[in-house]
2 protein chains.
Amino acid sequence: MATIGDVARVAGVSRSTVSYALSGKRSISGDTQRRIQAAIAELGFTVNAGARALATAQTMSIGLLSQFHQDEFAPAMLQYIRSVCDAARQLGYDVLFVTDGDGAGAVKRITSSNQVDGVVLLDVTHADPRVAPLRAARQPGALIGLPSDTAGLDVFDLDFGESARMLVDHLYGLGHREIILISPPEHVFERGGAYGWRFRDAAIERAGRYGIRIHPHFGESQQPAIGVNINAVLDARKSATAMIVHNDATVAALPIVLQARGVRVPDDLSVASLYSRDFGRIFSLPYTAVESSPDKLGRLAVQQLVRRILDPDQAGPTVVKFIAPELMDRGSTT
Amino acid sequence: MATIGDVARVAGVSRSTVSYALSGKRSISGDTQRRIQAAIAELGFTVNAGARALATAQTMSIGLLSQFHQDEFAPAMLQYIRSVCDAARQLGYDVLFVTDGDGAGAVKRITSSNQVDGVVLLDVTHADPRVAPLRAARQPGALIGLPSDTAGLDVFDLDFGESARMLVDHLYGLGHREIILISPPEHVFERGGAYGWRFRDAAIERAGRYGIRIHPHFGESQQPAIGVNINAVLDARKSATAMIVHNDATVAALPIVLQARGVRVPDDLSVASLYSRDFGRIFSLPYTAVESSPDKLGRLAVQQLVRRILDPDQAGPTVVKFIAPELMDRGSTT
DNA sequence: CTGAAAGCGCTTACAG
DNA sequence: CTGAAAGCGCTTACAG
């Protein structure tokens, strides 16, 4: 394995000159430049990332923490993972991907050992145990999902309240006066998934303002429970003309469940939901929905994180940014 | 940030003694041990991973290369990613997760810069451009998927030939004499996805031996093309009584497509496929299928990789291991 | 435009 | 049982 010393020897210059030629941090004469390039090519030299990290105190890696709870729907998670990875690479960072069951311990481990320059937390809940250790870390952190205390961390999330209002408005405008709402599973609420109640509370509040009826129910996270649940809800709410589904697992199974029941959309029931374009494609979903924008959220989080890594002072105070929802009309409401 | 020198000073010992206390590589007196532990606790010291890596030439990280081709079905990929991450962590390794479009370049980058101790390649194709740079690397590599040249690398994959034979045998045993086979999309074959032809060729060979008819067709990777395709195939093969689906995207959409067409399974058509238990759960799939065992494959690959990292000599010659398929009867054939 | 030297934070023979 | 010192492969003031 060639080192910078080998390159220096072959090129007949000092190690510092090679280093500067590599970084471009000071000007090098054309001849020296050429000899160094030739030596690098001859030896197949690549800078040792660990040694550079030790000298510069920059690893050029960010940590990405993702957990796979059983009440969560993995395919939706993947959208965020992809966008974070892509954004990181584009900015020159590698991604240390951590899926430990003990998320708080993992945050502590990778930050205190200086394995990463910053950390992105996915699917952050209200009382997320990963948040405190991240706040205590030397490195900056960016969250996707809203914790109770956002101090010292940049937070990005979809505006779930506005999303709910947008969907209620949409259905109200079409004349619906009784709506079923399928929320995330009860476990998600218990675990502190704030997006659950942010959406539900806003929907209820909005419906109340219009004087229309809304029936909130918890969703299920797996088949066949999903089908059983939806059928029970539909049996109990026969006069409802529309359904808002705010749950990935349920909406993914919904076409099957409704077809089996003989419910035609939108003729018998209007359906509106919240998911990403890619998610909809993967599950062949035909529903009008608020775009959940995982690609945008991942990108924003990484960009802000890197900004803060590069210049902690200039990045300014931490932000809590809710991105505006966008309704994709796919004709499943009438 | 406390260093090992700070700990040594506070504990009143030398840095080497602290290091040995940490590693347990030589015995330390009880009293010294205690003073060091106290100093570590007081300072909140954690070993700097980069410095340790530089000194030991071990990063304790492995690279995981995954690509998201548009003709591939991301949810299936996730199964492998999860199992590799879990297995790595269990063995004390972190995962550098790389999704670069330029896979060959990424392999070169992370290996030549010594960012990882070994590399796992996912979804390896026949002429995979990532294989050559990995073979040329200092670090060992483990592949999931079969390349044309396996020299110097450990390879793990499902036995797709045996899987196909198992499914044909199963249907033949139930009396079927004309079978439709949906293979992966044509792009996958062109890209060199060997699992496509390994499965198809074996199925055709087996069917030929029994003297039964089999109609191979390419699948599609997205809706609505999947539905159009399946309908066209069923129109063209009206006398077929069974269908084998060897394509994630198609099988995921199949319940919808068949229900829309009014085809009941297994009454009108027997259906058998190949996917993992988790995948089936996510898509509510009711089909008898060969278990694709992503968890097992990921674990095997990582275990072998780590064995080779720890003792390259003792790990023996590289292996090509096809794991035996297992049929999960879910009652979709008759 | 270039070099010699110190330093990043560890580990590990070598000595005692 | 413990310490002093060299070394891992870089970067970057400091000097000229």
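Both backbone and side-chain heavy atoms feed into the values below; hydrogens, waters and symmetry mates do not. Note on naming: letters A, B, ... go to the chains in the order of the sequence lines (proteins, then strands), and numbering restarts at 1 for each one.
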Pairwise 5' ranking along DNA chain D for M1(A) and T32(B), keeping only the more 5' one:
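Looking at the nearest nucleotide for each, T32(B) comes out on the 5' side.
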Could you tell me which non-hydrogen atom of F97(A) sits nearest to which non-hydrogen atom of C85(B), and how far apart they are?
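That would be CD2-SG, 3.4 Å.
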Less than 4.0 angstrom from a charged side-chain N to a carboxylate O is my criterion; do R109(A) and D100(A) meet it?
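A salt bridge links R109(A) with D100(A).
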Treating a pair as Watson-Crick (purine N1 to pyrimidine N3 plus N6-O4 or O6-N4) or G-U wobble (N1-O2 and O6-N3) with both distances under 3.5 Å, list the stems of 3 or more consecutive pairs that involve DNA chain D.
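Consecutive-pair runs (3 or more) involving DNA chain D: C:1-3 with D:14-16, C:5-12 with D:5-12, C:14-16 with D:1-3.
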Whole angstroms only, please: what is the CG-C1' distance between D6(A) and dC8(D)?
13 Å
S29(B) and T32(B): side chain donor to acceptor below 3.5 Å:
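Result is yes, a qualifying pair exists.
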To the closest 0.5 Å, what do you measure between CG (L143(B)) and CZ (F156(B))?
9.0 Å
Polar side chain donor-acceptor pair, Q115(B) to S113(B), under 3.5 angstrom:
yes
Verify whether one side chain among R307(A) and Q304(A) offers a donor that lies under 3.5 Å from an acceptor in the other.
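The answer is yes; a qualifying pair exists.
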Quick one: what's the B/S/- string for nucleotides 10-16 of chain D, heavy-atom cutoff under 4.0 Å, read 5' to 3'?
BBBBB--
Name all residues meeting the side chain to side chain donor-acceptor pair (under 3.5 Å) criterion together with S112(A); count only those two or more places apart in sequence or in a different chain, and write none if there are none.
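Only T46(B) meet the side chain to side chain donor-acceptor pair (under 3.5 Å) criterion with S112(A).
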Tell me: CZ of R138(B) to C1' of dG9(D), nearest whole Å?
12 Å
Minimal heavy-atom distance between D117(B) and M60(B), with the atoms involved, is OD2-N, 2.7 Å
